**Student:** 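Here it is, the structure, as structure tokens.
Bear in mind that the values here come from a model prediction, so they are computed numbers and not experimental data.
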Amino acid sequence: MAATTPTAELSLCMSSRISVLPPSDYLLSRDVCSYGYFLLAPNRWDVHRECLGRAFLLSDGPVYAEIEQPNGQGGALRIVLSRALSSNERRDFVTQVTRMLRLDEDSAHIAAFHAVDPRWQKLGRGRLYRSPTLFEDVLKTVTSCNVQWPGTISMNRRLCEVLGEHVELGWDGSRVVLGGGGRRSRRPTDARVRLYAFPSPEKIARTRPATLRARCRTGYRDQRIVELARLFATSPSRGGVDQAWMEDPNTPDEDLHEALLELPGVGPYAAANIMQLLGRYARLPLDTESVRHGRSLLGYKGTSAQVMKKVKAHYAPFGEHAFRSYWFEMWEFYESKHGPAHTWDRDTTGAMFTAALLSK
DNA sequence: GGTAGACCTGGACGC
DNA sequence: GCGTCCAGGTCTACC
């Protein structure tokens, strides 16, 4: 299990700039572009600058942030914000960034994975990108069920645009213009761009399912998404989701798995995926991609159910690290098809992941 | 406990 | 341009 105490050191350079020192083995382009959620709204990976931009929801409203690792080979992360933060907001922001980038997963934990599966040591693979909040991770997982990847992209974009709060900033034609000590445009224009945050549980809880269906194209998931949001917007003492308990490394895997299966829209696949997003890597979220991988790369034959069983058995020897061994094999396959993940553009390469294309 | 069918959307395909 | 088919995981009813 990963430690939950953030190890990133924080220092403030200016009101709208933050410098974060990640673990020594952290590489932004590799560790952000390690899981498909980096391609989903509100995330914006800039392939040219190798920079992650997105809006975060904080107590005084949304803030847009761009995260870079200036020398590209490790070292401190430089974060430029669209506005100054209060001290409370700053704490919340660093907590969200730490979760999103898994900065609390220290080098020793990555080394333990490499000891079990040395194939990934040379590349340093170990961390998997996730969302700033558990709620966003759960919704991203639910919107990835029973739909192909372009549908997941569309649902997340619409959820942000229809229900997310936004920041309006300058746009110089190719990138966001951040003021207040940030980078300035060389071609000042009046162009503006709206950058949306992922909607809060409270906002979705107040939304009619019909609105989700009609405007966010969530289909039959509408009611389940609203119910999920209500559970996340309600305190544990009143029957809501106990997020602290779910994030606690001391919570037994079995108890957590059972609790996740109780959530609307969460079945065996989604529960296992949320488990890995919570840093529990023993279970595999088995889906049609697992079957494709089992057949095409591992050479298994039989029905889908039979292949899934074989895939599960194949990775069982990796024990509590099974998911990462499985996932990095899949990721390597995707990169063999489309090039390094840090070169995938959200709207072009990143939208191409469909079972039909991958099986070719 | 296992299985079948409904649930929606969007892309692919044929006409 | 239109209609049809198909892929995708969860949920419910049924055996």
Side-chain angles (χ1 to χ4, degrees), chain A residues 35-37 39-41 131 134-163 204 207-232 241 254 256-278 280 283-296 302-312 323 326-327 330 333-334 337-338 344-360:
Chain A
Y35 193 68
Y37 289 3
L39 294 163
L40 298 178
S131 302
L134 176 59
F135 175 66
E136 186 177 331
D137 270 341
V138 170
L139 249 65
K140 279 184 159 47
T141 299
V142 168
T143 58
S144 72
C145 290
N146 201 27
V147 67
Q148 294 184 341
W149 185 243
T152 304
I153 291 177
S154 166
M155 276 186 254
N156 278 273
R157 180 177 53 78
R158 288 168 183 265
L159 279 169
C160 293
E161 291 177 358
V162 174
L163 300 172
I204 297 181
T207 305
R208 289 185 306 128
T211 304
L212 283 178
R213 183 176 294 223
R215 300 187 61 197
C216 304
R217 314 299 288 170
T218 55
Y220 66 89
R221 301 165 194 80
D222 55 358
Q223 185 68 48
R224 295 172 195 175
I225 288 174
V226 172
E227 285 173 18
L228 268 174
R230 286 180 183 154
L231 288 170
F232 273 84
V241 168
E254 278 305 319
L256 179 56
H257 190 242
E258 265 185 45
L260 291 172
L261 286 172
E262 294 287 313
L263 297 177
V266 175
Y269 163 81
N273 196 55
I274 297 166
M275 293 282 283
Q276 70 86 4
L277 291 162
L278 284 164
R280 322 276 186 135
R283 285 180 165 76
L284 299 187
L286 295 167
D287 61 359
T288 50
E289 267 302 278
S290 318
V291 175
R292 182 200 55 72
H293 185 72
R295 289 200 172 115
S296 63
T303 64
S304 293
Q306 289 168 335
V307 172
M308 279 191 191
K309 274 189 180 175
K310 289 173 184 174
V311 169
K312 186 178 175 185
F323 175 76
Y326 159 81
W327 183 255
M330 302 251 286
F333 169 74
Y334 299 152
K337 293 270 183 185
H338 298 293
W344 300 349
D345 179 72
R346 182 175 78 176
D347 301 322
T348 53
T349 319
M352 290 174 61
F353 293 83
T354 64
L357 277 173
L358 289 169
S359 62
K360 282 179 184 169

**Student:** Under a 4.0 Å N-O cut-off, is there an ion pair linking A:Glu254 with A:Arg283?
**Tutor:** yes
**Student:** Please report the distance, rounded to the nearest Å, between CG in A:Asn156 and P in B:dT9.
**Tutor:** 16 Å
**Student:** Using atom CZ of A:Arg221 as one end and atom C1' of B:dG10 as the other, report the distance to the nearest whole Å.
**Tutor:** 11 Å
**Student:** CZ of A:Arg217 versus P of B:dC8: gap in Å, rounded?
**Tutor:** 12 Å
**Student:** Rounded to the nearest angstrom, tell me the gap between atom CG in A:Asp222 and atom C1' in B:dC7.
**Tutor:** 10 Å
**Student:** What pairs with A:Glu258 under side-chain hydrogen bond (donor to acceptor under 3.5 Å, both in side chains), at least two apart in sequence or on another chain?
**Tutor:** none
**Student:** Does anything in residues 207-220 of chain A form a side chain to side chain donor-acceptor pair (under 3.5 Å)? List the pairs, not counting sequence neighbours.
**Tutor:** A:Asn146-A:Tyr220, A:Arg213-A:Asp222
**Student:** Which protein N or O atoms sit under 3.5 Å from an N or O of nucleotides 9-12 of chain C?
**Tutor:**
residue	atom	partner	partner atom	Å
C:dG9	OP1	A:Thr288	N	3.0
C:dG9	O4'	A:Asn146	N	2.9
C:dG9	N7	A:Asn146	OD1	3.4
C:dG9	N1	A:Asn146	ND2	2.9
C:dG9	N2	A:Asn146	ND2	3.4
C:dG9	N2	A:Tyr220	OH	3.2
C:dG9	N3	A:Asn146	ND2	3.4
C:dT10	OP1	A:Gly267	N	3.0
C:dT10	OP1	A:Gly267	O	3.4
C:dT10	OP1	A:Tyr269	N	3.4
C:dT10	OP1	A:Ala270	N	2.8
C:dT10	OP2	A:Tyr269	N	3.3
C:dC11	OP1	A:Gly265	N	2.5
C:dC11	OP1	A:Val266	N	3.4
C:dC11	OP2	A:Val266	O	3.2

**Student:** C:dC6 C1' sits how many Å from A:Trp149 CH2, rounded?
**Tutor:** 21 Å
**Student:** Can A:Arg292 and A:Glu289 be counted as an ion pair, charged N to O under 4.0 angstrom?
**Tutor:** yes
**Student:** Looking at A:Lys310, I want to see if its NZ is surrounded by more than 12 non-hydrogen atoms of other residues, nucleotides or ligands under 6.0 Å.
**Tutor:** yes
**Student:** Using atom CD of A:Gln148 as one end and atom C1' of B:dC7 as the other, report the distance to the nearest whole Å.
**Tutor:** 16 Å
**Student:** With a 3.5 Å cut-off and no angle check, do the side chains of A:Thr141 and A:Tyr37 form a donor-acceptor pair?
**Tutor:** yes
